[in-house]
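Residue indices begin at 1 and follow the sequence shown.
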Amino acid sequence: MTGISKIDYKPGQDNVRFLGLDIHKPVFFVSSLTIIAFVAGVLAFQAEATAAFVTLRAGLMSTFDWLFMGAGNLFVLFCLFLIMTPLGRVRLGGADARPDYSRSTWFAMLFAAGMGIGLMFFGVSEPVEHFLQPPLGLEAADTAAMVSLGMAGAIYNWGIHGWAMYAVVALSVAFASYNLGLPMTLRSAFYPLLGDAVWGQFGHVIDILSVFATVFGLAVSLGLGAQQVTAGLAYLWGTPATDAIQVLLIVGITGIALASVVSGMEKGIKRLSQANLLIALLLLVFVLTVGPTLDIAAGFAASLGRYVAAIGPLSNWVGREDLHFMHGWTTFFWAWWIAWSPFVGLFVARVSRGRTVRELVACMLLVPATMIAVWMNAFGGTALSQYLDSGHRDVIAAVQAQQPEIALFMLLESLPLANVTSFIGLVLVVVFFVTSSDSGSLVIDTITAGGKLDAPVVQRVFWCVLEGLVAIALLLGGGLVAAQAATLAAGLPFVLVLLALCCSIWKGLRETKPGRNR
């Protein structure tokens, strides 16, 4: 081995400092000005933007499905390889490094950053959607098979494939930062592969693409959150479900996120993540307790078994007839996960010093995926059980009417303490919104500040506000279709970035000096 030692490079040493700012000039200005121009263009030409987004979404899904799905499979295989080989013994930060956070707090941060609003939005509706229209062309003859395969399809879209994408970024950035002493940006992760070339134009492009992917990936979640809160308010208390209300909600909740951003990692994000996990677990335990507990338990075992059995066919893109599932769900979800990967990956890297490679990758693949399977079976399984056992059709009707945003509230209304739990559901969506926004602002600011972790607060405030503006622009320029199209476009080039990251981290781990970082 040639060996890789720590590099003498200080985060932010190439930055420009003026007017109280501390920024990496090419990355900050190109990314921010491009995004501002995008927001202005969409708001100025909303009708044209809507038509363009519809065309773009359809074209990207049908043309690049093979790339998204093939890459997703490779990321899972790569992560399993790292877990099973001696490379998994490398400790992030060196042999003497110890974790900065307890395991429970670390899990809470993984949960809050990595799952976010999407789980609240799709947790009830997606299993129902896949029951009504099962993947893999299953005929509507065997109800039990439809339930288990529908649930397996939902778990597949939220399971180990997406978390493998997060793990690739988290591990590569953490290794570059803690073991090589490089700035905590995506460009640093390519140092084992490209050396000092990462400080030039190539590195600028990588970091700019990271900002684009993060902003537009977050915009989908923020838009979904605003849509679900608006629908919840309308369903529960008759508040008008208009675009104006959604815009006001995005503005108001972004304001709450700003307070968390100003508080910083320890006071803001850490406490919100812990509160998020606690509230989510309380709501989950409630549904498990008052819902059809035995059916949920049986469904959990059946759906996991079906997931394992069907993961091969679901991962194959050749000769598929269930294009609604493969394009409308899996292809979009993989693009969404990939777009979120720089955000979640950098955030997880920041809180994972002292973990081993094996611990980081194994926990990122297994812990959240298990939690997701429990959540989907509890919420989606309860809705399906109500429909099959008693003919309760409210959630089914909402999904058939393409109103997934109210499915959660319809489910909770059919259970005891509906007013209390529906309010808790609204609070949880808001907290997810805030957590995603402030975590994303922190990560984007780190990238555009040349890897500095202590850049001026005003820069994080700027990015938090800009994220809200992008969400508003996409909402008014085509809603969910516009958000999906933007995410697919942002995620597409990042597929290639993640594939290259696999090569870089493999080379870096192999060349780590024995005894120094193991």
Check your understanding: Mind checking whether Phe333 and Tyr156 have ring centres under 6.0 Å apart?
Key -> no
Review point. Would Asp207 and Thr448 count as having a side-chain donor-acceptor pair, cut-off 3.5 Å?
Key: no
Practice item. Would you confirm whether Thr293, through its side chain, and Leu288, through its main-chain N or O, come within 3.5 Å as a donor-acceptor pair? Key: yes
Point to revise | Exercise: do Glu467 and Ser441 side chains pair donor with acceptor under 3.5 Å | key: yes
Review point. Hey, what's the ring geometry for Trp158 with Phe122, parallel, tilted or perpendicular (30° and 60° as the breaks)?
Key: tilted
Check your understanding: Is the distance between the ring centroids of His161 and Trp334 under 6.0 Å?
Key -> yes
Check your understanding: Do Phe38 and Phe216 have ring centroids that are under 6.0 Å from one another?
Key -> yes
Practice item. Any chance you could measure Trp463, atom CH2, to Leu442, atom CG, to the nearest 0.5 Å? Key: 13.5 Å
Exercise for review: Determine whether Phe68 and Leu492 make a side-chain contact, defined as any pair of heavy atoms from C-beta on separated by less than 4.5 Å.
Suggested key: yes
Review point. Is any side-chain heavy atom of Leu132 less than 4.5 Å from a side-chain heavy atom of Ile396?
Key: yes
**Study point:** Heavy-atom donor-acceptor pair, Asn73 side chain to Ser315 backbone, under 3.5 Å
**Key:** yes
Practice item. May I ask you to check whether Asp65 and Thr331 show a side-chain donor-acceptor distance below 3.5 Å? Key: no
Exercise for review: Verify whether one side chain among Ser352 and Trp106 offers a donor that lies under 3.5 Å from an acceptor in the other.
Suggested key: yes
**Study point:** Ring centers of Trp340, Phe347 separated by less than 6.0 Å
**Key:** no
Check your understanding: Does any non-hydrogen side-chain atom of Phe131 lie less than 4.5 Å from one of Met146?
Key -> yes
Review point. How many angstroms lie between CG in Leu488 and CE in Met61, if you round to the nearest 0.5 Å?
Key: 5.0 Å
Review point. Side chains of Glu126 and Val399: does their closest heavy-atom pair fall under 4.5 Å?
Key: no
Review point. In Å, rounded to the nearest 0.5 Å, how long is the span from OG of Ser62 to CZ of Arg57?
Key: 11.0 Å
Point to revise | Pairing residues for Thr50 by the side chain to side chain contact (heavy atoms under 4.5 Å, CB included) criterion, not counting sequence neighbours | key: none
Review point. Can you name the one residue among Val285, Leu278, Leu284 that meets side chain to side chain contact (heavy atoms under 4.5 Å, CB included) with Leu282?
Key: Leu278
Review point. Any side-chain donor paired with an acceptor under 3.5 Å for Ser414 and Gln386?
Key: yes
**Study point:** Candidates Val215, Val211, Ile36 - the one meeting side chain to side chain contact (heavy atoms under 4.5 Å, CB included) with Leu466
**Key:** Ile36
Exercise for review: Please confirm whether the backbone N or O of Met184 pairs with a side-chain atom of Arg350, one donor and one acceptor, at under 3.5 Å?
Suggested key: no
Point to revise | ring pair (Phe, Tyr, Trp, His ring centres under 6.0 Å) against Tyr235, all qualifying residues, sequence neighbours excluded | key: none
